[in-house]
Protein chains: 2
Amino acid sequence: MPKTPPQCPMDSILRLLMGPWTTYIIWVLSDQGPQRFGALKRAVPGISTRMLTERLRMLQGAGVIWREQEQTIPPAVTYGLTSRGNDLRGVLDTLGHIAERWKDEGVFAEDELGTV
Amino acid sequence: MPKTPPQCPMDSILRLLMGPWTTYIIWVLSDQGPQRFGALKRAVPGISTRMLTERLRMLQGAGVIWREQEQTIPPAVTYGLTSRGNDLRGVLDTLGHIAERWKDEGVFAEDELGTV
DNA sequence: TAAAGTAGGAACGGAAAAGTAACTGCCTAT
DNA sequence: ATAGGCAGTTACTTTTCCGTTCCTACTTTA
């Protein structure tokens, strides 16, 4: 029994975006432009290096971000959004608007049982 | 240290959509119209009643779906999308298109290391 | 009379995700 | 000489999720 219906690529893309930090990382890269590893870590408060590395690898593997390593001696690695990343930008933006509207309506408060 | 930056409602909404089945349920409800519990379970192959119940409660709590219970003796419960659910529909639709395009490009295949 | 369907609820258990901490090698600044 | 930053990696531990199984109460059908 496949736990993810394979005919639905939605699931794959959601699996990609799902992690607790993923969209935040994309957001930072889209809002503040390409960033180095350390800067990203500082921009996403509370994330561990482990998670950040993993997410970046994942996003890179999907071609959502690029990675540019300068072979200087303290190696400088910069990450930025690819065109695919920008595809996501629009969706995330829309979703962000919806989220804000919902927040104003109190959806994420504690409990809201008004049968809309 | 808050593990989810609270100023970002995006995270809440993603947390809502994230589950492996959530978007699929919304998809079914948007594609096939309001459905009863059993029908939904049949439409989402492989989901357990536990998961389905939990997701439905969650979505209902967020006002994304409505729940209508008829007090007949084998109780008939029907679920459908609210206006908020339809908000999501558009986003999911866009995301679906992106996902399909990416799939055609082989993003979700095994490995794709072309530095785009 | 027994089985099955309706819409779930409660409990248990394994697996996967995520956080923590320690370590790398090299260089720069103190 | 040593501490700290860069960009991670590895191991360990915890937590959380998710599936499975069993249960409800009632009715209809075989």
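What you see below is based on every heavy atom in this structure, not just the backbone, and it leaves out hydrogens, waters and symmetry mates. Numbers restart at 1 for each chain; the letters A, B, ... are given by sequence-line order, proteins then strands.
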Whole angstrom value for the distance that separates P of C:dG19 from CZ of A:R55: 8 Å

Can you check the B:L16 CG to D:dC17 P distance for me, whole Å? 14 Å

For residues 91-102 of chain B, run the donor-acceptor check on the side chains, cut-off 3.5 Å, and write out each pair with its distance to 0.1 Å, sequence neighbours left out.
residue	atom	partner	partner atom	Å
B:T94	OG1	B:G90	O	3.0
B:R101	NH1	A:D87	OD2	3.0

Which whole-number value in Å describes the distance from A:R15 CZ to C:dA17 C1'? 12 Å

When the distance from CD of B:E54 to P of D:dT16 is rounded to whole Å, what number comes out? 14 Å

Nearest whole angstrom, please: distance from the C1' of C:dG19 to the CG of A:L52. 14 Å

Report the distance from atom NZ of A:K41 to atom C1' of D:dT9, rounded to the nearest whole Å. 14 Å

A:R50: partners by salt bridge (charged side-chain N to carboxylate O under 4.0 Å, His left out), with sequence neighbours left out: A:E54

Distances under 3.5 Å between nitrogen or oxygen atoms of protein and nucleotides 11-14 of chain C:
residue	atom	partner	partner atom	Å
C:dA11	N6	B:R50	NE	3.2

Summary of protein contacts for nucleotides 1-8 of chain C, nucleotide by nucleotide, where a base hit scores B, a sugar-phosphate-only hit scores S (4.0 Å, heavy atoms): -----SSS

What is the distance from CE of B:M51 to P of D:dT20, rounded to the nearest Å? 11 Å

In residues 31-49 of chain B, what donor-acceptor pairs under 3.5 Å come from side-chain atoms, sequence neighbours left out?
residue	atom	partner	partner atom	Å
B:Q35	NE2	B:Q32	O	3.1
B:Q35	NE2	B:G33	O	3.4
B:K41	NZ	B:I47	O	3.1
B:S48	OG	B:M51	N	3.3

By salt bridge (charged side-chain N to carboxylate O under 4.0 Å, His left out) - contacts of A:E70 (at least two apart): none

Nearest 0.5 Å, what's the CD1-OG1 distance between B:I65 and B:T78? 11.5 Å

OP1 or OP2 of C:dA17 versus the side-chain N and O atoms of A:W21: is any pair under 4.0 Å? no

Closest non-hydrogen atom pair between A:P20 and A:R55, with its separation: CD-NH2, 4.0 Å

